[in-house]
Amino acid sequence: MPETGKTRVVVPERIQRGDVIRVQIVVQHPMDTGLFRDANAEIIPAYFINDVQIHYGDEQVAQFEWTTGISKDPLVSFQLRAEREALLTVTSKDNRGKEYRGSAEIKFATT
Amino acid sequence: MAVNDPIERRSFLQAVGLIGLAVATEGLTGAARPLPAAVRVTRPGPDDPPIPNEIVQKIFTERFQNRPIQRGHVTLDVAAMAEDGRYVPVIVESDLPMTADTYVKAVYLVVDHNPDPLLTVFHMTPALGPVAIQTRIKMKRTSWIRAIAETNSGELWADYVKVETTLNGCG
């Protein structure tokens with residue numbers, strides 16, 4: 001049973017201050033286009049994430065506009081400057097108004 | 001000998017038929033289809049794909065106020081042949097600076113022949129590192145994909161790839 005909206009945020013294990021790190025986001029979501037039919041020939045209504053916000057601590061560092069053109073179980077990765085220790089939070093909203101959240105701690109390696 | 005003759009003749013004809021079919025389909029798919037000339041509205045460079053339809057034209061008008069889009073500084077990495085239109089991996093990279101003064105404020109992905117051509121927009125800030133975005137997109141059919149980066153000063157840089165796809169991933 002898929003858990004719609006389950007969000008994973010993956011960051012490297014060892015981070016040093018100032019590193020440019022790769023952040024990977026995976027959200028479980030059907031991302032239905034509204035153009036396919038099910039086995040009973042009924043239209044499967046459009047159901048997709050349309051807004052994603054990335055916060056690094058309190059600062060909003062990115063915002064993504066998504067459409068049904070993003071594949072099922074969206075996967076996105078991008079680069080972030082790890083300048084401080086803070087929580088990286090991903091908040092996504094779908095077209096039914098549901099909000100999903102996932103986060104990862106940006107922590108610097110001590111050695 | 002006489003008994004074998006019809007079989008040999010049949011297999012020979014089959015072989016010739018297969019070669020003929022192969023040549024015929026090659027000829028069909030290999031022929032370059034002319035692109036519609038009437039839809040060129042903005043000023044694409046010599047190798048740039050023309051604007052295919054009004055929806056894409058509307059996106060360029062609304063989002064970019066028809067400012068010129070130059071090729072360069074952006075690399076769009078997609079396999080030229082997508083087997084499954086539901087999952088087409090794309091990578092967009094750029095060598096444009098990401099500093100407090102000059103940075104890429106947005107990256108647009110446009111798939112000309114999708115039901116919703118403006119597939120995604122990544123709004124960015126200088127807190128991010130250089131543009132290197134990976135994602136997976138859906139494609140309805142063979143189409144140009146446009147990756148367009150907009151800088152904070154309003155410059156537009158792009159890269160284009162034509163991707164062949166057979167399995168409709170959009171419905």
Side-chain angles (χ1 to χ4, degrees), chain A residues 10-12 15 18-27 29-38 43-84 86 88 95 106, chain B residues 55 59 62-63 82 84-100 103-141 143 145-146 165 167-171:
Chain A
V10 184
V11 296
I15 305 171
D19 279 357
V20 172
I21 59 166
R22 178 156 290 280
V23 178
Q24 190 173 57
I25 303 166
V26 191
V27 189
H29 205 283
M31 300 300 277
D32 289 321
T33 57
L35 302 168
F36 280 113
R37 288 167 187 276
D38 64 14
I43 293 259
I44 302 168
Y47 183 31
F48 59 99
I49 293 172
N50 50 21
D51 177 69
V52 182
Q53 301 196 359
I54 320 277
H55 285 86
Y56 184 21
D58 297 328
E59 184 194 357
Q60 184 176 332
V61 293
Q63 189 250 326
F64 306 152
E65 289 175 39
W66 282 358
T67 64
T68 54
I70 296 285
S71 301
K72 177 182 185 264
D73 296 334
L75 180 153
V76 166
S77 79
F78 59 92
Q79 299 195 101
L80 175 78
R81 269 178 226 285
E83 300 286 0
R84 58 183 187 278
L88 190 71
N95 63 332
I106 307 277
Chain B
I55 311 170
I59 293 164
E62 280 177 4
R63 298 286 181 145
D84 187 343
R86 293 172 301 177
Y87 296 98
V88 184
V90 296
I91 302 174
V92 185
E93 286 175 324
S94 173
D95 61 359
L96 291 165
M98 278 306 254
T99 63
Y103 61 93
V104 175
K105 71 170 181 182
V107 172
Y108 301 78
L109 271 182
V110 176
V111 182
D112 286 2
H113 293 298
N114 266 18
D116 196 353
L118 181 58
L119 199 135
T120 177
V121 189
F122 298 96
H123 296 278
M124 306 172 72
T125 65
L128 299 189
V131 175
I133 299 170
Q134 300 183 7
T135 189
R136 298 179 307 194
I137 64 167
K138 295 177 200 164
M139 290 185 70
K140 188 175 173 73
R141 61 179 172 97
S143 169
I145 303 184
R146 302 163 192 261
T165 186
L167 185 70
N168 175 357
C170 295

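Every chain is numbered from 1 and lettered A, B, ... according to where its sequence line falls, protein lines coming before strand lines. Any value given below was found using the heavy atoms of this structure, including those in side chains, with hydrogens, waters and symmetry copies removed.
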- prompt: Quick check: does any side chain N or O of B:Thr125 sit under 3.5 Å from a backbone N or O of A:Ala62, one acting as donor and the other as acceptor?
  reply: no
- prompt: Hey, what do you get for CZ (A:Phe64) to CD1 (B:Ile133), rounding to the nearest 0.5 Å?
  reply: 6.5 Å
- prompt: Rounded to the nearest 0.5 Å, how far apart are NZ of B:Lys140 and CG of A:Leu35?
  reply: 6.5 Å
- request: Can you see which heavy atom on B:Gly169 is nearest to which on A:Phe36, and at what distance?
  value: O-CE1, 3.8 Å
statement: One should read off an interatomic distance between B:Leu128 CG and A:Ile54 CD1, to the nearest 0.5 angstrom, of 8.5 Å
query: At a heavy-atom separation under 4.5 Å, does A:Gln24 approach chain B through its side chain, its backbone, both, or neither?
result: neither
- prompt: Which bit of A:Glu83 is near chain B, if near means a heavy-atom gap under 4.5 Å: side chain, backbone, both or neither?
  reply: neither
- line: Between the CE atom in A:Met31 and the CD1 atom in B:Ile137, the distance rounded to the nearest 0.5 Å is 12.0 Å
Under 3.5 Å, sequence neighbours excluded: what are the donor-acceptor pairs made by side chains of residues 88-98 of chain B?
unit_1, atom_1, unit_2, atom_2, d
B:Ser94, OG, B:His73, O, 2.8
B:Ser94, OG, B:Leu96, N, 3.0
B:Asp95, OD1, B:His73, ND1, 2.7

field: N/O donor-acceptor pair under 3.5 Å between B:Arg136 side chain and A:Asp73 backbone
entry: yes
task: For B:Phe122 and A:Gln63, run side-chain contact (heavy atoms from CB on, under 4.5 Å): C-alpha distance rounded to whole Å, both residues' side-chain angles, the deciding distance at 0.1 Å, then the answer.
output: CA-CA 6 Å; B:Phe122 298 96; A:Gln63 189 250 326; over 6 Å; no
- request: Working to the nearest 0.5 Å, report the span between CD of A:Glu65 and OG1 of B:Thr120.
  value: 7.5 Å
field: Minimum heavy-atom distance between B:Pro130 and A:Arg81, given as atom pair plus value
entry: CD-NH2, 4.2 Å
query: For A:Arg37, is it the side chain, the backbone, both, or neither that has a heavy atom closer than 4.5 Å to a heavy atom of chain B?
result: neither
message: Between A:Thr68, A:Ile21, A:Leu80, A:Val61, who has the most heavy-atom pairs with chain B when the cutoff is under 4.5 Å?
response: A:Val61
A:Val76 backbone acceptor or donor facing B:Gln134 side chain under 3.5 Å: no
- prompt: Got a sec: does the CG of A:Asp38 have more than 12 other heavy atoms crowding it under 6.0 Å?
  reply: yes
Note, A:Lys72 side chain near B:Tyr87 side chain (heavy atom, < 4.5 Å): yes
query: Going from CD1 on A:Ile70 to NZ on B:Lys138, what distance comes out if it is rounded to the nearest 0.5 angstrom?
result: 9.0 Å
